[in-house]
Each structure stands twice: as structure tokens, then as C-alpha cells.
Number of protein chains: 2
Amino acid sequence: MQPIFERLKEKGLTLTPQRMAIVECLVGNTTHPTVDEIYSGIKERYPTMSKATVYSTLKVLKDLGEVQELSIRKRGEVCFDPIPGMHHHFMCSECGNVLDVTLACPEKCPILSVDTIDGHKINEIQAYLYGICSDCASKSA
Amino acid sequence: MQPIFERLKEKGLTLTPQRMAIVECLVGNTTHPTVDEIYSGIKERYPTMSKATVYSTLKVLKDLGEVQELSIRKRGEVCFDPIPGMHHHFMCSECGNVLDVTLACPEKCPILSVDTIDGHKINEIQAYLYGICSDCASKSA
DNA sequence: TTTGATGCAAACGGTTTGCACTTAT
DNA sequence: ATAAGTGCAAACCGTTTGCATCAAA
């Protein structure tokens with residue numbers, strides 16, 4: 001836990017208790033939490049925590065490249081991924097949960113190897129797979 | 001224009017003037033319009049058109065498989081694509097415009113060829129490329 | 001006639017903003 | 001002392017809903 005705080009401090013982030021709680025909630029979290037999920041999880045131990053602070057901290061962490069905001073909405077809310085680097089995501093159409101996908105395109109895939117498409121410069125790629133997760137599949141069976 | 005109306009009718013859609021206007025606006029439209037863009041475009045010629053009707057018609061068309069709702073928000077609003085079949089999308093981080101991407105993954109790409117990932121059944125894939133479109137690039141140069 | 005579509009307005013809900021207060025430097 | 005972060009509430013805005021009206025079958 002320490003190294004990430006040091007890195008954030010080096011990046012110029014003021015480390016308040018609120019921000020540390022939010023970062024702690026995010027580190028190693030693979031559930032792709034929404035603002036409300038982060039807020040609710042922290043509020044139990046930290047009753048004065050405000051949603052506005054969660055919003056503002058996530059924006060700062062996003063600008064620092066520490067967190068990525070996904071394009072998909074998790075049950076209507078923006079959700080976040082603390083894992084850096086490109087990877088894809090699976091969303092269950094039934095329960096709405098978002099999961100990291102380990103399968104990757106081959107490096108030679110044209111969509112990954114080009115940095116320009118139809119004359120437009122590409123900076124980032126996000127792929128989303130939709131379907132039914134194994135939990136929901138076994139429940140309905 | 002006629003064949004699509006016939007097809008929609010066969011699918012059980014009641015063809016009202018409002019719905020026809022919305023379909024006309026969508027056919028051949030590659031701008032990935034939002035509800036408000038569709039509504040604004042039609043309202044000039046059709047002053048009583050209501051946004052609620054646009055919402056409800058898009059939902060029906062989506063359920064019929066005639067239109068797909070994209071996962072990305074175009075300047076904060078849901079946007080739609082009348083082109084059937086899988087293809088990818090590019091969004092300009094500057095102007096927010098959404099463009100169809102002609103480049104495709106090879107058929108043998110693992111992410112396309114599997115129908116299950118980590119035990120979860122996959123029904124649909126959407127990929128999004130982010131960057132700066134050529135228009136915005138030349139403007140800032 | 002009966003069913004369904006329309007359109008207005010109100011409600012909803014996630015996100016943003018303003019501002020007074022508090023905390024870090 | 002100054003700058004920055006927090007937290008509450010209000011505002012914002014895209015979307016949904018309720019309901020009376022209207023048109024299609």
C-alpha cells in the first residue's frame with residue numbers, strides 16, 4: 001500500500017485521509033466500482049465522507065493516469081478500473097457486473113497495430129464483450 | 001426507403017408518421033445521432049414531435065434489431081447506429097463526434113472466435129477507439 | 001370499439017456546481 | 001497566511017414515467 005501513496009505524492013497529489021481511503025478502496029479492486037459503491041463502502045468507517053469528494057478524487061486520479069473510467073455504465077452509473085494498461089471488459093446483461101477479460105487480441109491485430117485510422121489519430125482502445133456471466137447462467141438453469 | 005418500411009411492418013411495427021420520420025432520419029445516417037439530434041432534426045418539419053416519442057420509438061427499433069445503442073456517450077448523450085452487424089467505432093476526444101471504423105479484426109482473432117470467456121457466454125462485442133479526428137487535428141495545427 | 005401511439009409535464013437519478021468551512025503547506 | 005480539499009445542498013440535465021388525448025386496427 002505504501003508505494004502507491006508515495007507515487008501519488010510524487011505526482012503532486014495532496015494525500016488527505018479521504019483520498020487515502022478512496023485509493024485503498026480501489027487498489028486491487030477488480031469489481032469496477034461506481035462512485036456510489038466506493039462512497040457506500042467507505043462511509044461505514046468514515047461517516048462524513050461526501051459523494052462530491054469521491055467524484056473529485058476520481059477525476060484527479062483519472063487525470064494522473066491512476067484510474068481509468070470505463071465507457072460502459074454499470075447499472076446506469078459510470079464505473080472505474082484501477083488496473084493500468086489495456087485490457088478488455090465483459091459485462092453481464094443480467095446482473096450488470098463488469099469483469100476483466102484476460103483474453104487479448106494478438107499483437108499483430110490490425111486494430112491494435114495501427115495508430116491512425118481513416119486519417120484519425122488513435123490514442124486508446126476499449127473493447128466490451130456482452131453476455132451472461134456463469135453465475136447468472138447457472139441461476140436461471 | 002420503401003423496403004425498410006415494409007420490413008418494419010412485417011415485424012409488427014405500427015407505422016405512424018412520427019415513426020416514419022424517425023426512421024427516415026436514421027436510414028443512411030452515419031453520424032450516430034443522439035435522441036436530441038434526431039428530435040431537433042425532425043421538429044423543424046414536424047413541430048408537434050415529442051422527445052418521449054423519439055425515446056420510445058428508438059427503444060422499439062432497438063428491440064426489433066433495427067438500431068443499435070452504442071455504449072459510449074456522445075457529449076453526454078446516448079447515441080445510436082442504424083447500421084446492422086458488428087463494426088467498431090472511433091470517438092474524437094476533442095469534438096466528440098463518433099465515426100464508423102472500417103478496419104476490422106481478422107476472423108481468427110481469439111476475441112472474435114470464442115463464444116465463451118472465463119466461463120461467461122458472449123453475445124456481443126463492441127470496440128471503441130479514442131483519439132483526435134483529422135478535422136480537429138488540422139484545426140489545432 | 002378497443003388497442004396502442006403521442007405529447008406534455010412532472011418525476012427521477014446520476015453528476016456537477018457553489019459556497020462556506022476545514023485542513024494542509 | 002495562503003492555497004487547496006471537504007461536504008452539504010442546490011442545480012443540472014438526460015432519461016423515464018404518468019396520464020389524458022388522439023389515431024390505427
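Residue numbers begin at 1 in each chain, while the letters A, B, ... track the order of the sequences.
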Kindly compute the distance separating OG (A:Ser50) from NZ (A:Lys43), expressed to the nearest 0.5 Å.
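Reported to 0.5 Å precision, the distance equals 9.0 Å.
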Is there a path of hydrophobic side-chain contacts, each under 4.5 Å between heavy atoms of I, L, V, M, F, W or Y residues, that connects B:Val60 with B:Val35?
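Yes, same cluster.
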Could you list the donor-acceptor pairs under 3.5 angstrom formed between side-chain atoms of residues 67-81 of chain A and any protein atom two or more places apart in sequence or on another chain?
| unit_1 | atom_1 | unit_2 | atom_2 | d |
| --- | --- | --- | --- | --- |
| A:Gln68 | NE2 | A:Ile83 | O | 3.3 |
| A:Glu69 | OE1 | A:Lys62 | NZ | 2.9 |
| A:Ser71 | OG | A:Gln126 | OE1 | 3.3 |
| A:Ser71 | OG | B:Tyr130 | OH | 2.2 |
| A:Lys74 | NZ | A:Thr31 | O | 2.8 |
| A:Lys74 | NZ | A:His32 | O | 3.2 |
| A:Lys74 | NZ | A:Glu37 | OE1 | 3.1 |
| A:Lys74 | NZ | A:Glu37 | OE2 | 3.4 |
| A:Arg75 | NE | A:Cys95 | O | 2.8 |
| A:Arg75 | NH2 | A:Cys95 | O | 2.8 |
| A:Arg75 | NH2 | A:Asn97 | OD1 | 2.4 |
| A:Glu77 | OE1 | A:Thr34 | OG1 | 3.1 |
| A:Asp81 | OD1 | A:Ile83 | N | 2.8 |
| A:Asp81 | OD2 | A:His32 | NE2 | 3.1 |
| A:Asp81 | OD2 | A:His87 | NE2 | 2.7 |
| A:Asp81 | OD2 | A:His89 | NE2 | 2.7 |

Looking only at heavy atoms, which two atoms of B:Ile22 and B:Val54 are closest? And how far apart?
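Between these two residues, the closest heavy atoms are CD1-CA, 3.9 Å.
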Between B:Cys136 and B:Glu94, what is the shortest heavy-atom contact and its length?
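For B:Cys136 and B:Glu94, the tightest heavy-atom pair comes out as SG-CB, 3.7 Å.
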Find the distance [X]:[atom1] to [N]:[atom2] and express it as a whole number of Å.
X       : N      : atom1 : atom2 : value
A:Leu15 : D:dT6  : CG    : C1'   : 15 Å
B:Asp36 : D:dT15 : CG    : P     : 9 Å
A:Lys74 : C:dG13 : NZ    : P     : 19 Å
A:Arg73 : C:dG13 : CZ    : P     : 16 Å
A:Leu58 : D:dG5  : CG    : P     : 15 Å
B:Ile38 : D:dT15 : CD1   : P     : 11 Å

Protein proximity profile, nucleotides 2-10 of chain C - base contact B, sugar-phosphate-only contact S, no contact -, cut-off 4.0 Å on heavy atoms:
---SSBB--
Between B:Tyr55 and D:dT16, is there a side-chain N or O to OP1/OP2 distance below 4.0 Å?
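Checking B:Tyr55 against D:dT16: no side-chain N or O falls below 4.0 Å of OP1 or OP2.
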Got more than 12 heavy atoms from elsewhere within 6.0 Å of NZ, A:Lys9?
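Not buried by this count: 12 neighbours or fewer within 6.0 Å.
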Nearest nucleotide by nearest heavy atom, which residue falls closer to the 5' end of DNA chain D, B:Glu77 or B:Lys9?
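Mapping each residue to its closest nucleotide by heavy atoms, the 5'-most match is B:Glu77.
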